[in-house]
Structure formats: structure tokens, C-alpha cells
Amino acid sequence: MSTSRRHFLKTTAAAGSIAAVASPAIAADQPKKLRLAAIGVGGSRGRYNRGGSIARDAAKHAKMVAVCDVDDLHTKEFNEAFGGKLNTYRDYREMLEKEKPEVVTIGTPDHWHVPIAIAALRSGADVYCEKPLTLTIDEGKQIRKVVEETGRVFQVGTQQRSSKSLFLTAVAMVHTGMLGENVNAYLAIGGAPNEGPFETEDPPEDLDWNMWVGPAPEAGYCEQRRRMFRWFFEYSGGKMTDWGAHHIDIAQWALAPGEDGPVKVAGTGKFTKNVPSDFNWNAFFNGEASLPNGYNTATEFHVDLTFANGSLMSVNSHYKREGDNVDFQNGILFEGDKGRIFVNRGKLEGRPVDELSDEDRKQLDEKIIELCKGKKPGSHMGNFFACIEDRGKPISDVWSHHRTMTSCHLCNIALMLGRELKWDPKSEQFIDDEQANELMSRKSRDGFA
């Protein structure tokens with residue numbers, strides 16, 4: 001067992017002792033109607049990570065019956081909160097077959113989201129899956145098709161869509177014309193670390209590393225791959241699909257309601273030192289080329305996406321505009337001919353916000369109900385279960401999120417190829433660019449197609 005894993009076990013054990021005192025265990029035999037199962041409850045932040053958090057949140061609405069994770073440590077820790085009474089699995093396929101859950105949460109690394117989600121949907125379950133939903137554009141087409149075929153309820157974990165006082169209000173202000181015409185969005189989502197290559201080692205005995213890697217290219221084990229998978233293109237898309245899945249989602253929702261996506265994308269950026277300047281990304285996507293064992297996503301970038309309605313969405317690692325008092329590393333600046341507003345998870349500010357009248361706020365409340373598809377804003381998980389009950393479309397549905405993730409992937413592809421790309425959002429193809437079209441899908445490892 002590696003030194004870092006020993007440290008992780010000690011710290012999580014300590015956290016578990018504190019948690020046991022701070023909050024009572026969730027009763028495994030709670031009298032809830034729906035059978036719930038959690039797939040992927042560990043992650044990069046130790047015991048209290050996103051996968052486990054969404055599953056515990058879902059357990060407030062349904063009866064948790066089973067947990068599945070390729071790391072026995074994660075399974076054990078999660079099961080403790082339910083009195084150790086859950087059925088446990090390493091293979092999600094076995095769990096879906098034996099347990100037949102009615103609701104499934106998915107909190108795995110990103111490259112497993114779509115394969116597991118498709119299996120869960122086809123098993124008859126409604127699904128809540130963490131963002132980013134897809135690793136490629138073609139995966140988005142696949143999951144959209146399966147949701148349509150099965151008729152199941154599917155919520156993506158982009159919880160910013162459920163933030164009334166911040167993001168919903170910002171989107172509603174754009175939609176109701178409170179910023180005027182010709183609204184553009186300028187985003188900052190941060191860059192990526194530049195470390196590596198890293199040494200490999202034997203995986204822990206209680207971790208099924210082969211299953212963790214799954215459809216991604218075969219790779220030796222190291223803590224960085226597992227704990228910091230977002231910075232490896234093998235498993236994710238860097239900040240573009242991390243924070244981008246949140247902020248690009250909100251900006252695109254505001255700028256292009258009802259549209260299918262941008263028509264043009266162009267930008268510049270830098271990848272980590274582990275990526276050669278002449279690297280063949282097409283060969284990488286086809287499984288014919290590999291990179292050193294280090295982080296390989298973009299460290300800094302500036303990418304502009306243009307929509308058919310003329311709106312611009314500028315996606316940056318850090319956004320700064322000289323002489324205009326604009327300088328931020330995380331958030332969205334919406335700017336129209338009547339003013340501008342800035343929003344992130346801590347604030348919504350700007351002159352148009354300060355000048356809102358009672359009538360304006362009433363109009364915004366009505367628009368927010370419309371954005372929430374007729375439901376009152378509130379808990380993101382609560383919205384999911386409300387839709388399970390009435391079979392409605394959740395606030396972060398697969399159609400809109402596929403459109404968001406397409407824009408995220410377009411940004412990365414533009415950086416990889418280093419040129420302007422034209423995109424047809426109707427046919428979902430690059431125009432006259434076969435090299436770019438080949439980057440819409442990836443080859444899965446044998447046995448995990």
C-alpha cells in the first residue's frame with residue numbers, strides 16, 4: 001500500500017469518526033417507496049466527495065438498497081452511513097441485474113458516465129448522473145437516443161441550474177430583455193495543472209484498477225490518474241468539461257434559448273508540457289497514440305463560440321479586459337446594450353440588478369418558473385424526484401446538457417487542431433472538415449465497447 005493511500009485511509013478514518021458524532025447514520029430500512037442504488041461513491045476529495053454526496057441526497061427521497069464501486073474502501077465507507085445493510089457490488093451490470101433499482105445515481109469518473117447511464121436506463125431505472133455527462137460529442141448523441149427510447153427521467157448534476165437567486169435570475173434577466181439586445185457572454189473557468197510525468201505503482205488490492213480504467217486506454221496505476229482524473233484527456237476534458245460544464249451551460253442557456261448550438265468556434269491555448277506541439281490527436285482518439293503519464297489538458301485558453309443569432313460566448317481560463325475594470329478567474333459576465341451583470345456562485349451584481357423594480361422581479365419570477373418547466377425552483381435533487389413522480393422533464397435534461405457538452409467539446413477540438421471550425425448544429429457535424437469530425441468519437445478499449 002502506497003504512503004499516500006495510507007495517509008488517505010488515516011484521514012478518512014478520522015473524518016468518519018467525526019462524522020459519526022456530527023450526524024446520525026441514515027436508516028437503511030427507511031420506509032421509502034422507490035428502490036435506489038448508487039454507482040460510484042468515491043472520488044478525488046476523499047470520504048465526502050460528489051458521488052457519495054449525491055447518493056446520500058437521493059436517499060432522502062427513496063430507499064437505498066445497494067451500492068457499487070470498484071474501490072472496496074469507498075463502498076465500505078458509504079455503507080457505514082446506512083448501518084452496513086446495503087448490498088454491495090464492484091460490477092454495475094451485476095447490481096442492475098440482481099437489484100433492479102427504480103432509481104440510480106452515478107458519481108463515477110467522467111469516462112464511465114455514459115456506458116453506465118445507458119445500462120441503467122435500459123434496465124428500467126430513472127437516472128441522476130453527475131456532470132459532465134459525456135466524454136465525446138457522439139456519446140451525447142447515444143445517451144440522448146436511449147433516453148428517448150426508454151422514456152426514463154434523466155437529470156444531470158449541473159446544480160447551478162437550480163440556483164434561483166444567482167444563475168436562474170441571470171438567465172431570466174437576459175431572456176426578458178433587461179440587458180437589452182446584442183447580449184454576449186464572457187466566461188472564466190480557470191486553467192489546469194501542469195505536473196508530470198508521474199511514477200506508476202501497483203494498485204491497492206482493494207481496488208479493481210482494470211475496471212476503473214474501463215473503456216479508456218490501458219494505463220499503469222498512479223494516484224494522480226485516479227484522484228485527479230479531470231486533468232487527463234483519457235478520462236475527461238480538463239477545465240473545459242469541469243467548470244465549463246457549469247458556466248458554458250448557463251451562458252448558452254441565456255444566449256441561445258431553443259437553438260441547437262454555435263455555428264463557429266475559434267481560439268488559442270496551451271496544453272501541458274506533457275503534450276508535444278505536433279501531437280496527433282486523431283491517433284490518440286483512435287487508440288493509436290499515447291501521451292506521457294502526466295496531466296495533458298489545456299492549461300490556459302481563449303475560445304470564442306458564435307451562434308446563428310449573432311451572440312458571442314467567449315470561454316477563457318482567465319478573463320481580463322484592459323481599461324474596463326474587468327478581471328476575473330471564475331464567473332460569467334453578460335453584456336448587452338442596456339448594461340451588464342456578473343454572476344458566479346458567490347454573487348450576482350451589476351447596475352441592472354441594482355435597479356430592479358418590484359414589477360421587474362415579478363416578471364423574473366414568472367420567467368424562472370418557465371425555465372424550471374413549470375415547477376418552482378428549489379433543490380436540484382428534489383426537482384429530479386418531482387419529475388419522477390409526474391414524468392416531466394427535469395431542469396437539467398439530457399437534450400440541453402448534450403448541447404452544452406457539445407460546446408465544451410468543440411472548444412477542446414478547436415484547441416487541439418489550432419484553427420477555426422465551422423459547425424452545423426442541425427446535422428451535428430463539422431462542415432468540410434473530416435479531421436475534426438473524427439474527433440467526435442473515441443475508440444473504446446477491447447471488452448468495454
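Side-chain atoms of E218 and V213, non-hydrogen and from C-beta on, never get closer than 4.5 Å to each other. At least one side-chain heavy atom of R56 sits less than 4.5 Å from a side-chain heavy atom of F78. For the pair S236 and T241, the minimum side-chain heavy-atom distance is below 4.5 Å. Between E335 and V183 the shortest side-chain heavy-atom distance does not fall below 4.5 Å. At a threshold of 4.5 Å between non-hydrogen side-chain atoms, the residues N316 and I189 do not count as touching. Within the 4.5 Å cutoff, no side-chain heavy atoms of N184 are placed close to those of S314. For the pair W209/R225, a side-chain contact is recorded, criterion being any heavy-atom separation below 4.5 Å from C-beta on. With a 4.5 Å cut-off on side-chain heavy atoms, I118 and V114 count as touching.
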Worked verdict on L133 versus F154 for side-chain contact (heavy atoms from CB on, under 4.5 Å): CA-CA 11 Å; L133 180 57; F154 196 103; 3.6 Å; yes

Test side-chain contact (heavy atoms from CB on, under 4.5 Å) applied to C411 and L305, step by step: CA-CA 8 Å; C411 289; L305 299 98; 3.5 Å; yes

Residue pair Q252, M313: steps toward the side-chain contact (heavy atoms from CB on, under 4.5 Å) verdict: CA-CA 8 Å; Q252 188 159 298; M313 178 167 62; 3.6 Å; yes

Verdict with reasoning, R340 to L179, per side-chain contact (heavy atoms from CB on, under 4.5 Å): CA-CA 6 Å; R340 66 189 190 188; L179 301 187; 6.0 Å; no

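Taking both residues in full, the closest heavy atoms of V353 and R361 are given as O-NH2, 4.0 Å, listed atom of the first, atom of the second, then distance. Across all non-hydrogen atoms, the minimal contact from A245 to M405 is CB-SD, 3.9 Å. Closest heavy-atom contact between M64 and A55: CE-O, 3.4 Å. Between G190 and F301 the shortest heavy-atom distance is O-CZ, 3.3 Å. Across G392 and V153, no two heavy atoms sit closer than the pair O-CG2, 4.1 Å.
In this structure, N383 contributes its side chain and P394 its backbone to no donor-acceptor pair below 3.5 Å. Between the side chain of N286 and the main chain of N282, a donor-acceptor pair closer than 3.5 Å is present. The backbone N or O of A188 sits nowhere less than 3.5 Å from a side-chain atom of H318 that would complete a donor-acceptor pair. Under the 3.5 Å distance criterion, the side-chain polar atoms of T406 are matched with a main-chain donor or acceptor of H402. With T299 contributing its side chain and G191 its backbone, the two residues share no donor-acceptor pair below 3.5 Å. Between the side chain of T75 and the main chain of D71, a donor-acceptor pair closer than 3.5 Å is present. Remark: the backbone N or O of V146 is paired with a side-chain donor or acceptor of T150 at under 3.5 angstrom. Between the R403 side chain and the D249 main chain, no donor and acceptor come within less than 3.5 Å of each other. Looking at Q155, its side chain does come within 3.5 Å of a backbone N or O of H380 through a donor-acceptor pair. No donor-acceptor pair under 3.5 Å is formed between the side chain of N293 and the backbone N or O of G220.
Sorted by first then second residue, the salt bridge (charged side-chain N to carboxylate O under 4.0 Å, His left out) pairs that include residues 278-301, not counting sequence neighbours, number zero. The salt bridge (charged side-chain N to carboxylate O under 4.0 Å, His left out) analysis of residues 421-431, with sequence neighbours excluded, yields the pairs R144-E428, D260-K426. Screening residues 409-432 for ring pair (Phe, Tyr, Trp, His ring centres under 6.0 Å), with sequence neighbours left out, gives W423-F430. Residue pairs meeting the salt bridge (charged side-chain N to carboxylate O under 4.0 Å, His left out) criterion with at least one member in residues 105-121, sequence neighbours excluded, are D110-R230. A salt bridge (charged side-chain N to carboxylate O under 4.0 Å, His left out) check over residues 371-382, counting only residues at least two apart or in different chains, returns the pairs K373-D397, K375-D390.
Using the six-membered ring where Trp is involved, W212 and Y235 have ring planes that are perpendicular, over 60° apart on the 30 and 60° scheme. Note: Y92 and W112 have perpendicular aromatic rings, judged against thresholds of 30 and 60 degrees for the angle between ring planes.
Remark: D304 CG to E420 CD distance equals 10.0 Å, nearest 0.5 Å. Remark: N344 CG to L333 CG distance equals 11.5 Å, nearest 0.5 Å. Rounding to the nearest 0.5 angstrom, the gap separating the NE2 atom in H302 from the CG atom in L187 is 11.5 Å. One distance of note links CG of L415 with OG1 of T297; it measures 10.5 Å at 0.5 Å rounding. Distance check: E130 CD to T158 OG1 gives 8.5 Å after rounding to the nearest 0.5 Å.
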Return a table of donor-acceptor pairs under 3.5 angstrom between the side chains of residues 442-449 and protein atoms on other chains or two or more places apart.
unit_1: R442; atom_1: NH1; unit_2: F233; atom_2: O; d: 2.4
unit_1: R442; atom_1: NH2; unit_2: F233; atom_2: O; d: 3.2
unit_1: R445; atom_1: NE; unit_2: G214; atom_2: O; d: 2.8
unit_1: R445; atom_1: NE; unit_2: A216; atom_2: O; d: 3.1
unit_1: R445; atom_1: NH1; unit_2: N210; atom_2: OD1; d: 3.0
unit_1: R445; atom_1: NH2; unit_2: N210; atom_2: O; d: 3.0
unit_1: R445; atom_1: NH2; unit_2: N210; atom_2: OD1; d: 3.1
unit_1: R445; atom_1: NH2; unit_2: G214; atom_2: O; d: 3.1

Listing, residues 264-273 side-chain donor-acceptor contacts under 3.5 Å, not counting sequence neighbours, or none:
unit_1: T272; atom_1: OG1; unit_2: N274; atom_2: N; d: 3.3
unit_1: T272; atom_1: OG1; unit_2: Y295; atom_2: O; d: 2.5

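No side-chain donor-acceptor contact under 3.5 Å links H246 and R161.
Between K131 and D242, at least one side-chain nitrogen of the basic residue sits less than 4.0 Å from a carboxylate oxygen of the acidic one, meeting the salt-bridge criterion. A salt bridge does not link D327 to R321: none of the charged side-chain nitrogens sits closer than 4.0 Å to a carboxylate oxygen. Note on K145 versus E148: no salt bridge recorded, every NZ/NE/NH1/NH2 to OD/OE distance being 4.0 Å or above. Remark: R35 does not engage E102 in a salt bridge, criterion side-chain N to carboxylate O under 4.0 Å.
Here D138 pairs with T136, K141, M440, S441 under the side-chain contact (heavy atoms from CB on, under 4.5 Å) rule; sequence neighbours left out. For F307, there are no ring pair (Phe, Tyr, Trp, His ring centres under 6.0 Å) partners at least two apart in sequence or on another chain. Every residue was checked against the ring pair (Phe, Tyr, Trp, His ring centres under 6.0 Å) condition with W399, not counting sequence neighbours, and none meets it. Residues satisfying the side-chain contact (heavy atoms from CB on, under 4.5 Å) test with A58, not counting sequence neighbours, are L36, T105, M381, F385. Residues passing the ring pair (Phe, Tyr, Trp, His ring centres under 6.0 Å) test with H247, sequence neighbours excluded: W243.
Taking the six-membered ring for Trp and the full ring otherwise, the centers of W281 and F279 sit less than 6.0 Å from each other.
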